[in-house]
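Remarks on the structure that follows.
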Amino acid sequence: MKILSLETSCDDTCISILDMHGSFSARGGSTLGGKVLANNSNSQINIHIPYGGVYPVLAKREHIKNLPILLQESLKQAKLDKKEKPVDAIAVTYGPGLEMCLWVGIVFAQDLAKKWGVPLIPVNHMEGHIFSVFGKNKGKFKIPKIKLPILSLLVSGGHTQLVLAKKLMQYEIVGETLDDAVGEAFDKVARMLDLPYPGGPQISKLAEEERAREKENQTLQGHNFSTEKFIQSSGRRPAESLQSLFSFSLPRPMLHSKNFDFSFSGLKTAVLYLIRKLAPPEIGGVKQLDEETKSKIALEFENAAIECLVSKTQKAIEKYGAKTLIVAGGVAANKYLKSEIKKVTGRKIKLFFPAQGLAGDNSLMIGIAGYLNYIKNKKKVPKLNKIKATGNLRLK
Ligand code: KG4
Ligand code: ZN
């Protein structure tokens, strides 16, 4: 079944065409698979950089401009541009997200569904992220048999949630952030450190480099340490590096709380105070911080944020006896998160992360989730005019 999918919930305009087949049983068995016929997106990052975050009115304007272009491109790539009814169904994100942006995708999809006479499937963006882990950017993919219960750690710019599924596609949010989402905290800390938007990848790059340097220093200090060699290889004096290992310590909010909730706003504020202490506004603030100190702050921030995510995930796996763990959303692209999660899951738990390029927002995941909803609901879809943008839509 050919399915066209659209995603416009935030600042990426995305259109894909998938050829999906197969079915699944309530117990997780699967004959599901698909083939990517087209997968296109138009990132608006450059447009939003001057605002340090997504500017909704501009995002909406860009979606309106981009959708028809991406549609033509996608139909052509899939060799369906000459057909009167190029696909069998359309899937569109209807929430959560920025309502004015969601509406652009919905109205565009409604018009196409009417014109082609095909069903329109509304998709929850977060369920899309969950299924993103089974997709591939190109070619064919298979969705394996999934062992229940499934725990999903959803980490993006708008959400930080632990979601339990005792049955396929039936969700219970067992924990979530009480304030900022983890991706939002990465972005805000990046802004405090004067790094460009979106900050998550920038922070994780600095942290990764600094982690490697500190590991190297520790090795040097452990073996036959020679100050000369150290200065030669690192370009720094050892005393500074040793001291720095202990000098920045940021809080791990709610690490020991008895629930599965998170909080990242206190961590973000702690970074703000740390920067003010190291480089007070009266001497010029963050611009006075050297690159090394910035990297150390990025590292300690990433360590703290990831420790909170991993610790709660581990506790939730134990409490609910999860057999499958899915980690998805933009922050799932973080390499340190992946390596730390792997340490706590062991062999008994099947672990899924999105393929490269599918952690952040994309429409491929909306196509997969759309198809699964379509077969789960026995091909029943809501009437076209009943589909409404729902900014605060929750999984259930
Ligand atoms: O899922 P997504 O593309 O959009 C939302 O639905 O929000 O997630 C975007 C978020 C941004 O906050 C971005 O900074 C963060 O994911 N992000 C990362 C990394 N790559 C993207 N955060 C930490 N480390 C990364 N490597
Ligand atoms: Zn997202």
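Order of appearance sets the numbers: ligands from 1, and atoms from 1 within every ligand.
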**Request:** Please identify which atoms of ligand 1 are closer than 4.0 Å to at least one heavy atom of S156.
**Result:** 1 (O), 5 (C), 6 (O), 7 (O), 8 (O)
**Request:** May I ask you to list the atoms of ligand 1 that are less than 4.0 angstrom from any heavy atom of G183?
**Result:** 12 (O)
**Request:** Taking the side chain as every heavy atom from C-beta outward, state whether S363 and L6 have any pair of such atoms under 4.5 Å apart.
**Result:** no
**Prompt:** When you measure from atom 18 (C) of ligand 1 to every protein heavy atom, which one gives the shortest distance, and what is it?
**Reply:** G200 CA, 3.6 Å
**Message:** What protein heavy atom lies closest to atom 26 (N) of ligand 1? Include the residue and the distance to one decimal.
**Reply:** S204 OG, 3.3 Å
**Prompt:** Does the side-chain hydrogen bond (donor to acceptor under 3.5 Å, both in side chains) test come out yes or no for S74 and N40, once each step is laid out?
**Reply:** CA-CA 7 Å; S74 304; N40 292 298; 3.0 Å; yes
**Prompt:** Does a side-chain heavy-atom distance below 4.5 Å link S204 with Y336?
**Reply:** no
**Fill in**
So the atoms of ligand 1 within less than 4.0 Å of a heavy atom of H129 turn out to be 1 (O), 6 (O)
**Prompt:** Who's the nearest protein heavy-atom neighbour of atom 6 (O) of ligand 1, and how far?
**Reply:** D361 OD1, 3.1 Å
**Message:** Any N/O/S atom, side chain or main chain, of C10 closer to the Zn ion (ligand 2) than 2.8 Å?
**Reply:** no
**Asked** Got the closest protein heavy atom to atom 24 (N) of ligand 1, with its distance?
**Response** N334 ND2, 3.0 Å
**Where ligand 1 meets H125 - atom numbers and elements under 4.0 angstrom, heavy-atom basis** = 6 (O)
**Item:** Heavy-atom closest contact (A298 atom, L206 atom, distance)
**Value:** CB-CB, 3.9 Å
**Request:** Output the atom name for the N/O/S atom of D361 with the smallest distance to the Zn ion (ligand 2).
**Result:** OD1
**Asked** Which protein non-hydrogen atom lies closest to atom 7 (O) of ligand 1, naming both residue and atom, and how far is it?
**Response** G157 N, 2.8 Å
**Message:** Counting C-beta onward and ignoring hydrogens, is there a side-chain heavy-atom pair between Y371 and S5 closer than 4.5 Å?
**Reply:** no
**Message:** Side chains of K379 and Y374, heavy atoms from C-beta outward: is any pair under 4.5 Å?
**Reply:** yes
**Message:** Given 3.5 Å as the limit, does a donor-acceptor pair link the side chain of E99 with the main chain of G391, or not?
**Reply:** yes
**Prompt:** What is the closest protein heavy atom to atom 12 (O) of ligand 1, and at what distance does it sit?
**Reply:** D187 OD2, 2.7 Å
**Message:** Is it the case that over 12 heavy atoms from other parts of the model lie below 6.0 angstrom from the NZ atom of K376?
**Reply:** yes
**Prompt:** Which of the numbered atoms in ligand 1 are below 4.0 angstrom from a heavy atom of G360?
**Reply:** 3 (O)
**Asked** Any idea which protein heavy atom is nearest atom 15 (C) of ligand 1, and the distance to it?
**Response** V331 CG2, 3.9 Å
**Message:** Can a donor-acceptor pair be found, under 3.5 Å and without considering hydrogens, that links the side chain of K350 to the backbone of R347?
**Reply:** no
**Request:** Could you establish whether H159 and ligand 1 come within less than 4.0 Å of each other, counting only heavy atoms on the residue side?
**Result:** no
**Prompt:** Is it true that a side-chain atom of K312 and a backbone atom of M254 form a donor plus acceptor pair closer than 3.5 Å?
**Reply:** yes
**Message:** Under 4.0 Å from a heavy atom of G158: which atoms of ligand 1 are those, numbered in the order shown and with their elements?
**Reply:** 7 (O)
**Asked** Is the closest N or O pair between P198 and ligand 1 shorter than 3.5 Å?
**Response** no
**Asked** Looking at H129, which of its N, O or S atoms is the nearest one to the Zn ion (ligand 2)?
**Response** NE2
**Request:** Assess H125: does it contribute an N, O or S atom lying under 2.8 Å from the Zn ion (ligand 2)?
**Result:** yes
**Complete:** Checking E340, E302, R252 against E307 for side chain to side chain contact (heavy atoms under 4.5 Å, CB included), the one that qualifies is R252
**Request:** Among all protein heavy atoms, pick the one closest to atom 21 (C) of ligand 1 and tell me residue, atom and distance.
**Result:** G330 O, 3.4 Å
**Prompt:** How about I203 and F301: do any of their side-chain heavy atoms sit closer than 4.5 Å?
**Reply:** yes
**Asked** Applying a strict 4.0 Å limit to heavy atoms, is P201 in contact with ligand 1?
**Response** yes
**Prompt:** Has E302 got any heavy atom lying under 4.0 angstrom from an atom of ligand 1?
**Reply:** no
**Request:** Report yes if the side chains of M192 and K268 come closer than 4.5 Å at any heavy-atom pair, otherwise no.
**Result:** yes
